[in-house]
Amino acid sequence: MATREPCHAPGALGECFAVLDPATGEAFEEAPEQQPEELDAVVGRAHEAWRSWRADPVTRATSLLAAADAVEAAGADLAPLLTREQGKPLAESYAEIARTAARLRYFADLAPRPRPIRDGRPVRSEIRWRPLGPVAAIVPWNFPLQLASAKFAPALAAGNTVVLKPSPFTPLATRVLGSVIATALPEDVLTIVTGHEPLGARLASHPGIRHVTFTGSIPTGRAVAEGAAASLARVTLELGGNDAAVLLEDVDVERIADRLFWAAFRNCGQVCMAVKRVYAPARLYSDVVEALAQRAKTAVVGAGLDPGTQLGPVNNAPQLARVERCTAQALAAGARAVAGGHRLDRPGYFYAPTILADVPPDSPVVTEEQFGPVLPVLPYGSTDEAVEAANGTSFGLGGSVWGTDLDRAEAVADRLECGTAWINHHAELSLAQPFAGIKESGVGVAGGPWGLYGNLRPFVVHRPEEA
């Protein structure tokens, strides 16, 4: 449980809360516990900054490019701090920082384009684009910097200002990132606020916020949408996934096993679009289970700052408890832990990489998002059965199909009910592509030009051909 006491964090006033290292379970730093009533002043300043920020697209682009350079230059400071608070291996923290800088550059070069309307009337009509105003960005703990930039980069490029709230489990690197980017932006264009609830709820429902973009759980996403509805603010919600990987009869198990394993276990399985269920044809089921179990047993689990670590800890105690509960329920219902299946006996929030076989299809580890280093593998008899099972949850973020015949694999992928489908790989995204879920996996679109236009509103000008 986070403690609150007078805060000595840089730039902080009032109380603070402790931030824990998931590799030890112990506090190592503190962050400001900002109060909901402080948001009136924060949003007010963001609105004032918006007046000039929205008016100069050339300055915006130049500032975002300078911000990208500053983020890269700060990598040696940001990466170890991100690993300390999040738990991921240091190399993955550096990759997250590189992605953050790349996203700033991408959106700096992406400008909205006016579009004429040609409808046969003697009027020249043109669609132009205007920013929305202050944007609230609420970010989870699994990719604090990368998901933050996925929200603030397009919002800023579109001419909005941003108030960003990171998870209280991972506020530190985000605060430093904000300070780094502030060297390239005008004051109050990007503001970081940190603290526990009801800070996020108050931010999402603040009447001065015109767009709320949130990544997190379905229940919290619903609450965010309800809060934003009070002021009719736009919402973009990415609410997680339970991605299925369907292996076809012609799959080469050994050839794809490494890719499939890491598509499930990268960042300790704490990835919204990770593989969270594997469906294997009955004939190959034992081979698939054994190939994945072998990799789980040999993966190096340790503190993210240790050079040899491949899998770090689960980020926080509540999430570790959820992973333990889901696994225990499956085992009690008859599943087998072919690898792992237990918490590791060491300080911190470590859980053994786990492969589950013979899992009842209605087990929570199959039907819900376990969000940890646990992967159920289920057999199927026909392709129709596999597709029906893959589509049989309330989630619809991503999915993948694995096989040798690419045309057949693509035909099966086209039947998956999700926003993105991959063939023979998983969870790889370009900055230029849209990212969106269906069903309970989200509302709205992020990424690429869609992410930019999601932060703009159309403004139509009609002009007669003659005075």
Could you tell me if the side chain of T404 sits less than 4.5 Å from the side chain of V251, heavy atoms only? no

If you round to the nearest 0.5 Å, how far is OG1 of T174 from CG of L82? 8.0 Å

Pairing of K276 and D243 as salt bridge, 4.0 angstrom limit: no

Side chains of T220 and S217, donor plus acceptor under 3.5 Å: yes

N455 and H211: side chain donor to acceptor below 3.5 Å: yes

dist Q86:CD -> C268:SG (nearest 0.5 Å) comes out at 9.0 Å

Under a 3.5 Å distance rule, please check whether R130 uses its side chain to pair with a backbone N or O of L456 as donor and acceptor. no

So, does R124 use its side chain to make a donor-acceptor pair with the main chain of R463 at under 3.5 Å? no

Could you pull out the closest heavy-atom pair between G269 and A274, with the gap in Å? O-CB, 4.5 Å

Side chains of T383 and R408 only: does a donor on one sit below 3.5 Å from an acceptor on the other? yes

Does CD in Q35 sit with more than 12 non-hydrogen atoms of other residues, nucleotides or ligands closer than 6.0 Å? yes

Ring centroid separation W450 to F107 under 6.0 Å: no

Taken to the nearest 0.5 Å, the spacing of T191 OG1 from L164 CG works out to 9.5 Å

Any donor-acceptor N or O pair under 3.5 Å, side chains S231, H206: no

Tell me the closest heavy-atom pair linking V212 and A228, and the distance in Å. CG2-CB, 3.9 Å

Checking side-chain polar atoms at under 3.5 Å, does T420 have a donor or acceptor matched by the opposite partner on W422? no

Is the distance between the ring centroids of W129 and F459 under 6.0 Å? no

Shortest non-hydrogen contact between R128 and P114, atoms and distance: CG-CB, 4.5 Å

Ignoring hydrogens and geometry beyond distance, is a side-chain donor-acceptor pair present between K151 and T213 at under 3.5 Å? yes

Verify salt bridge (charged side-chain N to carboxylate O under 4.0 Å, His left out) between E440 and R222, making sure each step is shown before the conclusion. CA-CA 10 Å; E440 292 187 344; R222 288 196 178 104; 2.9 Å; yes

Would you say the side-chain atoms of T367 and T393 include a donor-acceptor pair closer than 3.5 Å? no

Hey, is the main chain of E96 close enough, under 3.5 Å, to the side chain of E92 for a donor-acceptor pair? no

Could you check whether any side-chain N or O of N424 sits under 3.5 Å from a backbone N or O of I256, counting only pairs where one atom can act as donor and the other as acceptor? no

Could you check whether R54 makes a cation-pi contact with W50, meaning its NZ or CZ is under 6.0 Å from the centre of the six-membered ring and within 45° of the ring axis? yes

Any donor-acceptor pair under 3.5 Å linking the side chain of K439 with the backbone of E417? no

Could you tell me whether the side chain of E38 and the main chain of V42 form a donor-acceptor pair under 3.5 Å? no

Straight-line distance of N242 CG to F371 CZ, nearest 0.5 Å: 11.5 Å

Which pair of heavy atoms, one from I218 and one from L239, lies closest together, and at what distance? CG1-O, 3.6 Å

Scan P140, P22, P318 and name whichever one has a side-chain contact (heavy atoms from CB on, under 4.5 Å) with F169. P318

From E388 atom CD to R415 atom CZ, the distance as rounded to the nearest 0.5 Å: 9.5 Å

Under 3.5 Å donor-acceptor, R277 side chain and A389 backbone: yes

Smallest heavy-atom separation, R210 atom then L132 atom, equals CG-O, 3.2 Å

When rounded to the nearest 0.5 angstrom, what distance separates CZ in R45 from OG1 in T161? 11.5 Å

Answer yes when E72 and R105 have at least one side-chain N-carboxylate O distance shorter than 4.0 Å, and no when they do not. yes

Given the rule in the side-chain contact (heavy atoms from CB on, under 4.5 Å) test, do W262 and L311 qualify, once you have shown the distances and angles that lead to the verdict? CA-CA 10 Å; W262 288 109; L311 288 176; 3.7 Å; yes

Closest non-hydrogen atom pair between A68 and A101, with its separation: CB-O, 3.5 Å

